[in-house]
Amino acid sequence: MNQEDFTMRREMERSYSAISPFELKNKLIELAKGHQKKSARVMLNAGRGNPNWISSTPRDAFFSLGRFAMVESRRVWEEPDLAGKPVRPGSYRRFLEFAAQHREMPGMSLLRDVIEYGRDVLGVDADAFVYELVDGIIGDNYPEPDRMLVHVEKVVHQFLIQEMCAGDEAVGNFDLFAVEGATAAMCYIFDTLHENYLLQPKDKVAVMVPIFPPYIEISQLSKYNFDLVEIHASARDEQGNHTWQYPESELAKLEDPAIKALFLVNPSNPPSVAMNEETIQRLVGIVREKNPGLMIISDDVYGTFVDGFRSLMSVLPCNTIGVYSFSKYFGVTGWRLGVVAVHQNNVFDERLKQLSEDKIAILNQRYASMTMHPEQLRLIDRMVADSRQVALNHTAGLSTPQQVQMALFCGFALLDKENRYKQLTKDICHRRMRLLYQGLGLPMPNIPNDADYYTEFDLEEWSNHHYGVSFTKFLQANYEPIDILFRLAEESGIVLLNGGGFHGPTWSIRVSLANLNDDSYTQIGHALHAALERYVEEWKATQ
């Protein structure tokens, strides 16, 4: 490559460095497809986070429930291409008869066990539970209640206590809002906090980085325009390796009471490392002693991949809105399943009461169509209404078939007392991490609390450790941080993302360990190793 071409290449890479990594991905895919055509090698896109596995048994249960639901509907009214609406009385007895006659149906055993769990453990009326599932999967009614179906909420609540709160029932009760995945949850939360004057333009908001970029990108939209304070996961171990934890100096920023909210993804994205107990306890101390009104939004989608995981909703329940997406653990990106959890005793409702009289009057007018006493509306009920521009609150809510599938996923996890499915998914991620580093020819990093759903490989850390500061300076002087991504796409048909786009280390890259077959990670490791060695050869030629 001559100097002119080299200069043009750097300018092009600089322009792409400024956009979202998910938009950069499109350019990399274009380059990788070009390589695929020339080499006949399959493109390896490790830039997406959706897994290449699915949770099968709860899906089987869903479709078997669908067959029973159709029997129930035709029992009421049957004409060609037409059936009636199912009815509640006797539905549990009829289900047991159907289950006995169709024991061989895939998922039938789980479906029966989930219904028995609702009756025996949660104490719900069996007829009411079966009817809710049947009517829900048929989808013939608006969601009622709009926030979440009654029995579905109970099952999902127990799942969140088990998986996000380490089974600690003492945490108390959360109200849940079933939503169209974590992306919808983000939109609804941002909107409701803004509409209700809990967050306004220029307000100080802290973001724990690295993080899923939309948390920062949305914050910078003109509607919100928050004053962002970044809390960096910059801690290192004694050997100088990233631990992806937050040092005390970074956490201390949260002592500023002017910081009204904190956004985080835990385990982080892309390092995929959960907060350790020391960090959690420091945060608890800061909130209780220095910033008791802090509003925390914790996105915990990867929590199930870490042993003994505890969300901040378990230790600071009154301050935290929990966000959970089912997409990663159960392989349901296309289903769009998520939930927002707000503790029944929370700072958000307290802050609403403390608003000025003029703001309360404006909000009373906003929600006047819903109730005679809009000032008494809780934040989560306002969120449901805001999700449908208030005027359409009567048709709000996640579709009932989606909620039924959500309940079956949660029931499946609750009944899996030996955590067999969980261990399978964790083993997949850890195995692929080992294969990646074997391909790289490097020892696999030993990072406590790691989910290994993604990994973030820091080129600067690698170059300092293996070749010294002079090589690192050569890289920084001659190349853009995303140059290696372009090389991998053009020369090997491999798509990775830039860690800097997630507000992580500038010279880091993100590899999704979830969405490709095992042997692909060995290939990625080999290709990444070869690309790194080329940089080394170029540097040695200058010495």
Side-chain angles (χ1 to χ4, degrees), residues 145-148 172-177 179 184-207 215 218-229 253-263 286-298 312-313 316-323 340-397:
D146 50 14
R147 181 166 56 77
M148 198 164 188
N173 294 320
F174 296 86
D175 289 314
L176 308 183
F177 176 23
V179 296
M186 290 172 60
C187 296
Y188 297 157
I189 291 168
F190 271 96
D191 191 47
T192 291
L193 293 178
H194 175 266
E195 292 291 349
N196 285 272
Y197 301 105
L198 299 186
L199 285 179
Q200 291 292 282
K202 302 299 184 184
D203 279 349
K204 264 191 178 180
V205 171
V207 185
Y215 278 103
I218 293 174
S219 296
Q220 294 174 333
L221 294 174
S222 58
K223 177 179 179 178
Y224 305 109
N225 195 24
F226 301 142
D227 179 7
L228 292 182
V229 177
K253 296 174 183 177
L254 295 170
E255 295 178 2
D256 180 2
I259 294 179
K260 292 187 175 182
L262 170 65
F263 293 101
I286 287 170
V287 171
R288 290 179 177 169
E289 297 168 19
K290 303 289 186 179
N291 200 349
L294 184 67
M295 299 180 290
I296 301 171
I297 293 82
S298 184
L312 291 185
M313 64 185 279
L316 289 167
C318 299
N319 294 78
T320 304
I321 294 178
V323 174
V340 175
V342 182
H343 199 271
Q344 291 181 348
N345 176 27
N346 63 80
V347 299
F348 306 92
D349 290 338
E350 289 303 311
R351 279 183 171 267
L352 288 173
K353 296 174 185 176
Q354 296 165 8
L355 292 173
S356 62
E357 290 185 6
D358 60 324
K359 290 177 180 176
I360 289 175
I362 293 171
L363 292 174
N364 285 349
Q365 183 177 7
R366 176 178 177 82
Y367 300 108
S369 63
M370 295 175 56
T371 173
M372 298 289 289
H373 301 285
E375 70 281 355
Q376 296 176 11
L377 278 175
R378 301 171 306 156
L379 179 92
I380 195 162
D381 295 317
R382 297 174 189 226
M383 194 182 302
V384 175
D386 293 334
S387 74
R388 297 297 183 268
Q389 295 294 299
V390 182
L392 291 167
N393 179 63
H394 63 289
T395 60

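The first residue in the sequence is number 1, and the count goes up from there.
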Check: Gln376 and Thr371 side chains under 4.5 Å, non-hydrogen atoms: no

Gap separating the OG atom of Ser387 from the CG atom of Asn393, nearest 0.5 angstrom: 7.5 Å

Val390 side chain near Met370 side chain, heavy-atom distance below 4.5 Å: yes

Residues in salt bridge (charged side-chain N to carboxylate O under 4.0 Å, His left out) contact with Arg288, at least two apart in sequence or another chain: none

Gap separating the CD1 atom of Ile286 from the CG atom of Leu294, nearest 0.5 angstrom: 9.5 Å

Between CG on residue Asp203 and NZ on residue Lys260, distance to nearest 0.5 Å: 3.5 Å

Smallest separation among heavy atoms of Gly293 and Val347, with atom names: O-CG2, 4.3 Å

Rounded distance (nearest 0.5 Å) linking atom CD1 of Ile297 with atom OG1 of Thr320: 8.5 Å

Leu363 side chain near Tyr197 side chain, heavy-atom distance below 4.5 Å: yes

CZ on Phe190 to CZ on Phe226, rounded to 0.5 Å: 6.0 Å

Sub-4.5 Å side-chain heavy-atom contact between Lys204 and Asp227: yes

Leu176 versus Ala341, closest heavy-atom pair with distance: CD2-CB, 3.6 Å

Within 6.0 angstrom of Lys202 NZ, more than 12 heavy atoms from elsewhere: no

Main-chain N/O of Leu377 paired with Arg382 side-chain donor or acceptor, under 3.5 Å: yes

Met186 and Val323, any side-chain heavy atoms less than 4.5 Å apart: no

Distance, nearest 0.5 Å, that separates CD1 of Ile259 from NZ of Lys290: 13.5 Å

ring-ring contact (aromatic ring centres under 6.0 Å, His included) partners of residues 341-385, not counting sequence neighbours, each pair once: Phe174-His343

Validation row: Ile321, Leu379 side chains within 4.5 angstrom (heavy atoms): yes

Heavy-atom side-chain contact between Asn291 and Glu255 under 4.5 Å: no

Backbone N/O of Thr192 and side chain of Asn196: donor-acceptor pair under 3.5 Å: yes

Donor-acceptor contact below 3.5 Å, side chain Asn319 vs main chain Pro292: yes

Min side-chain heavy-atom separation Tyr188-Val179 under 4.5 Å: yes

Pairs flagged by salt bridge (Lys or Arg N to Asp or Glu O under 4.0 Å) wherever residues 363-378 is involved - sequence neighbours left out: Asp175-Arg378, Glu195-Arg366, Arg366-Asp386, Arg378-Asp381

Minimum heavy-atom distance between Leu316 and Ile296, given as atom pair plus value: CD1-CD1, 3.8 Å

Aromatic plane relationship, His194 with Tyr224 - under 30° parallel, 30 to 60° tilted, over 60° perpendicular: perpendicular

